[in-house]
Amino acid sequence: MNKTCVNKQRFARLLSPRSIAVFGRKGADYAIRESRKMGFQGEIWVVHPTLDQIEGLPCYRSANDLPEAPDAAYVAVNAQVAIEIVADLNRIGCGGAVLYASGFSEAGPQGALLQQALVEVAGEMPLIGPNCYGVINCIDRAVLWPDQHGCRPLKRGVAVITQSGNIALNITMQQRGLPLAFMVTLGNQASISIADVMEALLDDGRVSAIGLHIEGITDLAAFASAAARARELCIPVVALKTGRSQAAAKIALSHTGSMTGADALFDALFSRLAIVRMDTLPQFIETLKLLAILGPLKGNRLASMSCSGGEAGMMADLIEPLQMVFPALEEAHQQQVEATLGDAVQSGNPLDYHTFIWGDQARLSETFTAMMSAQFDATILLLDWPSYTGADPTLWDRAMNALATAAQRNQSNGIVLASLDECMPPHAIDACMRQGLAPMIGLDLCLRALDAAYRIGCAFAQPQPEPLLVPTPVPTTIGTGESRVLDEWQAKQLLQGYGLKVPVGYLVKSADEAAQKAALVGFPVVVKAVGNQLLHKTELGGVQVGLQTPESVRDAVAMMSALSDQYLVEQMAAKPVVELIIGTDRDPQFGPYLLLGAGGVLVELLRDSAIILLPTSRASVLKAVAGLKIATLLNGYRGAP
């Protein structure tokens with residue numbers, strides 16, 4: 001990518017324009033029509049070399065004929081013409097351009113040359129795209145977009161940045177109540193990257209959370225810097241990263257011309273930067289919605305209320321693998337809740353309040369207020385409206401309004417949760433938003449979103465990590481031009497030189513020498529065949545442990561003579577609590593990293609590991625180890641040390 005320095009003032013004009021120029025016909029007509037429909041109050045100018053008018057607006061022949069430099073331009077023409085238009089726009093001082101035009105780097109080597117020319121003529125003028133769908137600003141009501149969309153005007157909300165036009169379009173059509181303030185599609189990221197858009201949106205106080213649909217990152221250092229700034233401003237960031245499978249990675253490469261990178265390293269990156277990762281669009285949308293309305297959570301204590309024991313049981317099951325909890329009610333609190341329900345109901349958390357008070361808004365408010373008085377971090381009311389045509393929502397609305405009253409009385413977070421999409425009607429979503437409640441859909445989606453909000457809250461309370469070690473070219477081994485594998489003896493000598501403890505041992509070349517050194521080490525000993533090609537010695541018969549006599553040492557060497565001509569005689573360590581594997585590697589994009597995991601002969605079978613990007617800290621390493629499945633063994637499983 002031939003990226004130039006982004007002019008921040010011009011980029012701000014592009015994202016929040018007061019004047020728009022559109023170039024082309026197909027696609028450009030939608031930008032005009034949809035901006036008007038959204039209620040854009042600024043100037044819209046149309047440029048076309050042959051047509052007299054488009055959508056009732058007179059056409060200028062070129063950018064040079066415009067009354068003044070526009071804040072934003074939407075360019076929907078072919079690649080070659082787009083380059084000429086961008087050159088003119090830069091010359092007259094346009095804020096920036098959004099390029100719907102395709103045929104650039106995504107189209108192969110010839111297209112890559114065209115993209116290079118495009119960036120050169122743009123200079124410092126920001127370019128979004130090319131090969132992107134566009135930008136929608138629902139706050140300033142500017143729609144640089146070649147199609148219909150489902151966005152509505154609002155004053156504050158979530159910004160979504162994506163490399164996929166179709167996924168962006170689908171998100172604009174969601175009916176879940178996501179307050180979408182900005183939709184930005186990036187395409188090829190010729191001059192504007194995800195990090196650039198994040199930085200610009202973080203300058204806009206009307207953005208409450210940022211969602212990223214990522215296929216690949218072009219500038220890791222800039223991305224990490226933008227994420228660090230979001231953390232400083234307490235703006236939560238949620239990522240939907242494709243490319244977990246090799247097939248998805250290949251699709252991403254052909255789609256936008258960006259390499260996706262190693263997926264496990266992205267997980268490590270997001271964890272380091274306090275970005276929560278979601279796996280599906282519904283998870284992504286529900287989490288962003290919750291964060292936009294309630295923000296990050298400082299604690300993990302939840303309450304759940306429903307008039308059904310079955311729903312209460314489902315919630316208790318679904319929360320089990322998460323960090324969130326439904327704490328038991330203290331006796332005084334339990335009595336307070338039961339006093340509002342009568343003798344027939346026993347309170348608990350999750351609370352089944354039965355149907356005795358159903359439809360009575362005043363009594364529902366009393367029960368909900370009593371339940372929420374314990375100041376949970378969030379309280380959930382399960383409520384599925386009837387969805388058939390002509391259904392009366394009155395009783396369900398009363399329950400929702402009762403929760404709003406209770407939340408206001410306790411100054412606490414309230415959530416109305418429908419188990420199914422079709423059971424949360426639009427009027428209920430709008431009413432929840434007006435009253436400061438989060439309208440959530442899907443029991444598991446809601447709990448996962450709350451878990452994400454808590455993890456972000458915990459991360460925001462911690463100090464910023466050190467900046468990542470930016471990858472630099474690594475020279476090949478001098479002389480051979482190739483990397484080399486160290487055998488176990490060489491590796492241990494190297495590690496010992498850096499202060500790591502290794503067992504007492506000797507490298508030997510014969511059975512007699514092995515027996516002599518074993519006596520020096522002290523029995524019992526272990527004998528291993530040594531060679532840089534012996535990566536799994538156990539199954540090859542290259543390891544003998546617990547040897548108690550010189551004769552057994554000689555026999556072990558004789559058995560291994562077909563594998564190697566050198567052997568390691570080593571102190572036999574006490575039986576470990578658990579074995580760990582610890583390794584380091586260097587990725588071309590992410591730089592050096594540390595791998596920790598369950599080790600020993602079952603390392604490939606267990607696949608229990610964590611990756612930490614560098615530099616790291618003792619606290620980060622301990623946290624990673626605590627997150628492993630084998631941490632249970634480290635803590636003394638079933639009376640073990």
Heavy-atom closest contact ([X] atom, [Y] atom, distance):
{"X": "Leu417", "Y": "Cys446", "answer": "CD1-CB, 3.6 Å"}
{"X": "Ala224", "Y": "Leu468", "answer": "CB-CD1, 4.2 Å"}
{"X": "Ala399", "Y": "Leu381", "answer": "O-CD2, 3.5 Å"}
{"X": "Val98", "Y": "Gly134", "answer": "CG1-CA, 3.6 Å"}
{"X": "Leu634", "Y": "Val577", "answer": "CA-CG1, 4.2 Å"}
{"X": "Thr185", "Y": "Gly165", "answer": "CG2-CA, 4.2 Å"}

For the [atom1] atom of [X] and the [atom2] atom of [Y], what is their distance to the nearest 0.5 Å?
{"X": "Ser620", "Y": "Leu613", "atom1": "OG", "atom2": "CG", "answer": "10.5 Å"}
{"X": "Thr616", "Y": "Tyr593", "atom1": "OG1", "atom2": "OH", "answer": "15.0 Å"}
{"X": "Ile415", "Y": "Leu290", "atom1": "CD1", "atom2": "CG", "answer": "5.0 Å"}
{"X": "Ser365", "Y": "Ile357", "atom1": "OG", "atom2": "CD1", "answer": "9.0 Å"}
{"X": "Ile456", "Y": "Ile275", "atom1": "CD1", "atom2": "CD1", "answer": "9.0 Å"}
{"X": "Leu212", "Y": "Phe284", "atom1": "CG", "atom2": "CZ", "answer": "6.5 Å"}

| field | Arg176/Asp421 salt bridge by N-O under 4.0 Å criterion | value |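 Salt bridge flag = yes for Arg176 with Asp421.
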
| said: Check Arg33 with Asp147, please: is the shortest side-chain N to carboxylate O separation under 4.0 Å? | reply: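 Looking at Asp147 and Arg33, the cut-off is not met.
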
Are [X] and [Y] packed together at the side-chain level, in the sense that at least one heavy-atom pair is separated by less than 4.5 angstrom?
{"X": "Leu240", "Y": "Thr280", "result": "no"}
{"X": "Asp140", "Y": "Phe40", "result": "no"}
{"X": "Ser35", "Y": "Tyr30", "result": "no"}
{"X": "Met440", "Y": "Leu445", "result": "no"}
{"X": "Leu178", "Y": "Ile171", "result": "yes"}
{"X": "Val337", "Y": "Tyr353", "result": "no"}
{"X": "Ile380", "Y": "Met315", "result": "yes"}
{"X": "Ile136", "Y": "Thr172", "result": "yes"}

Answer yes if the side chains of [X] and [Y] hold a donor-acceptor pair under 3.5 Å, and no otherwise.
{"X": "Asn166", "Y": "Ser164", "result": "no"}
{"X": "His149", "Y": "Glu34", "result": "yes"}
{"X": "Asn401", "Y": "Gln435", "result": "yes"}
{"X": "Ser208", "Y": "Arg156", "result": "no"}
{"X": "Glu338", "Y": "Ser347", "result": "yes"}

Expected output: side-chain [X] to main-chain [Y] donor-acceptor under 3.5 Å:
{"X": "Gln283", "Y": "Glu286", "result": "no"}
{"X": "Gln411", "Y": "Gln408", "result": "yes"}
{"X": "Gln336", "Y": "Met371", "result": "no"}
{"X": "Arg277", "Y": "Lys241", "result": "yes"}
{"X": "Asp204", "Y": "Arg206", "result": "yes"}
{"X": "Gln41", "Y": "Gly39", "result": "yes"}
{"X": "Trp396", "Y": "Asp384", "result": "yes"}
{"X": "Ser271", "Y": "Ala268", "result": "no"}
{"X": "Asn349", "Y": "Leu302", "result": "yes"}
{"X": "Thr355", "Y": "Trp358", "result": "no"}

Would you say [atom1] of [X] has more than 12 non-hydrogen atoms from neighbouring residues, nucleotides or ligands within 6.0 angstrom?
{"X": "Met433", "atom1": "CE", "value": "yes"}
{"X": "Gln148", "atom1": "CD", "value": "no"}
{"X": "Gln323", "atom1": "CD", "value": "yes"}
{"X": "Gln175", "atom1": "CD", "value": "no"}

| query | Can you list the steps and then say if Asp444 with Arg448 is a salt bridge (Lys or Arg N to Asp or Glu O under 4.0 Å)? | reply | CA-CA 6 Å; Asp444 56 332; Arg448 284 179 178 273; 5.1 Å; no

| task | Step by step, work out the side-chain contact (heavy atoms from CB on, under 4.5 Å) result for Thr367 and Met305. | result | CA-CA 10 Å; Thr367 297; Met305 306 184 296; 5.5 Å; no

| task | For residues Trp145 and Tyr133, establish whether the separation of their ring centroids is below 6.0 Å. | result |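 Judged by ring-centre distance (under 6.0 Å), Trp145 and Tyr133 do meet the cut-off.
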
| Ring centres under 6.0 angstrom apart (Phe326, Phe376) |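 Not under 6.0 Å, so no.
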
| query | Parallel, tilted or perpendicular for Phe356 and His354, by the 30°/60° rule? | reply |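 Answer is parallel, since the angle falls under 30°.
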
| Ser193 and Asp196: side-chain hydrogen bond (donor to acceptor under 3.5 Å, both in side chains), yes or no, with the steps? | CA-CA 5 Å; Ser193 69; Asp196 295 321; 3.2 Å; yes

| task | Begin from the C-alpha positions of Asp267 and Arg272 and carry the test salt bridge (Lys or Arg N to Asp or Glu O under 4.0 Å) through to its verdict. | result | CA-CA 9 Å; Asp267 281 337; Arg272 185 186 187 95; over 6 Å; no

| side chain to side chain donor-acceptor pair (under 3.5 Å) pairs, two or more places apart, involving residues 296-317 |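 The answer is none; no pair qualifies.
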
| request: Test side-chain contact (heavy atoms from CB on, under 4.5 Å) on Met424 and Ile429 and set out the steps. | output: CA-CA 7 Å; Met424 176 73 79; Ile429 292 174; 3.4 Å; yes

| query | Run the salt bridge (Lys or Arg N to Asp or Glu O under 4.0 Å) check on Asp430 and Arg152 step by step: do they pass? | reply | CA-CA 12 Å; Asp430 292 340; Arg152 296 190 296 176; 3.4 Å; yes

| query | Among Val237, Leu288, Val238, whose side chain to side chain contact (heavy atoms under 4.5 Å, CB included) with Val276 holds? | reply |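 Looking at Val237, Leu288, Val238, the match for Val276 under the side chain to side chain contact (heavy atoms under 4.5 Å, CB included) is Val238.
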
| request: Let me see the working for Phe223 and Ile214 under side-chain contact (heavy atoms from CB on, under 4.5 Å), right down to the final yes or no. | output: CA-CA 12 Å; Phe223 180 81; Ile214 300 173; 4.2 Å; yes

| field | Derivation of the side-chain contact (heavy atoms from CB on, under 4.5 Å) call for Met173 and Asn170 | value | CA-CA 5 Å; Met173 301 295 182; Asn170 296 342; 5.7 Å; no

